[in-house]
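Here is the structure we will look at, set down as structure tokens.
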Amino acid sequence: RQTGYGALAPVEGALSSYMEQMSEIQDNPQMPDYVLHEYTPFYDSSDLGPADWARIAHDIRANYLQFDGFVVAMGTDTMSYCATALSFMLE
């Protein structure tokens, strides 16, 4: 959604809603099962920092043996910082 300043703002639940409507995922029996986890409260990626990255790392570590892989989707504002932090936290 756009803010009054012409910038984009995150919308809570948008990703899960969008994925539920994707026929490529829902109607394809070859697609693997997935679990979508959205954090609450919902933050703009520009507001994420070390404590948030540690929370993501903790959740990945806690669920590591239950899944074949993890995808962390976020805005690009702090993505490189988060990816770097996660790579060291999950070594």
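Since this is a predicted model, take the numbers as computed values, not measurements. For this chain, numbers begin at 1 and follow the sequence in order.
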Would you say that [X] contacts [Y] through its side chain, given a criterion of any heavy-atom pair below 4.5 Å between the two side chains?
{"X": "Leu48", "Y": "Tyr81", "result": "no"}
{"X": "Tyr39", "Y": "Asp59", "result": "yes"}
{"X": "Thr40", "Y": "Glu12", "result": "yes"}
{"X": "Val72", "Y": "Ile60", "result": "yes"}
{"X": "Tyr34", "Y": "Ile25", "result": "yes"}

According to a 4.5 Å side-chain heavy-atom criterion applied to Ile, Leu, Val, Met, Phe, Trp and Tyr, with indirect links allowed, do [X] and [Y] form part of one hydrophobic cluster?
{"X": "Leu90", "Y": "Phe67", "answer": "yes"}
{"X": "Met74", "Y": "Leu36", "answer": "no"}
{"X": "Met79", "Y": "Phe42", "answer": "no"}

Write down the atom of [X], the atom of [Y], and the distance for their closest heavy-atom approach.
{"X": "Met89", "Y": "Pro50", "result": "CE-O, 4.4 Å"}
{"X": "Glu24", "Y": "Met31", "result": "O-CG, 3.4 Å"}
{"X": "Ile56", "Y": "Cys82", "result": "CD1-SG, 4.1 Å"}

Any side-chain to backbone donor/acceptor pair from [X] onto [Y]? Under 3.5 Å, distance only.
{"X": "Thr78", "Y": "Ser45", "answer": "yes"}
{"X": "Asp52", "Y": "Gly49", "answer": "yes"}
{"X": "Gln26", "Y": "Met19", "answer": "yes"}

Determine whether more than 12 heavy atoms belonging to other residues, nucleotides or ligands lie under 6.0 Å from atom NE2 of His37.
-> yes
Could you tell me whether Tyr18 atom OH has more than 12 heavy atoms of other residues or ligands within 6.0 Å of it?
->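 No - once you tally the heavy atoms of other residues, nucleotides and ligands closer than 6.0 Å, there are 12 at most.
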In Å and rounded to the nearest 0.5 Å, what is the CD to OG distance from Gln21 to Ser16?
->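 So the CD of Gln21 and the OG of Ser16 are separated by 10.0 Å.
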Rounding to 0.5 Å, atoms CG (Leu15) and CD (Glu20) come to a distance of 10.0 Å
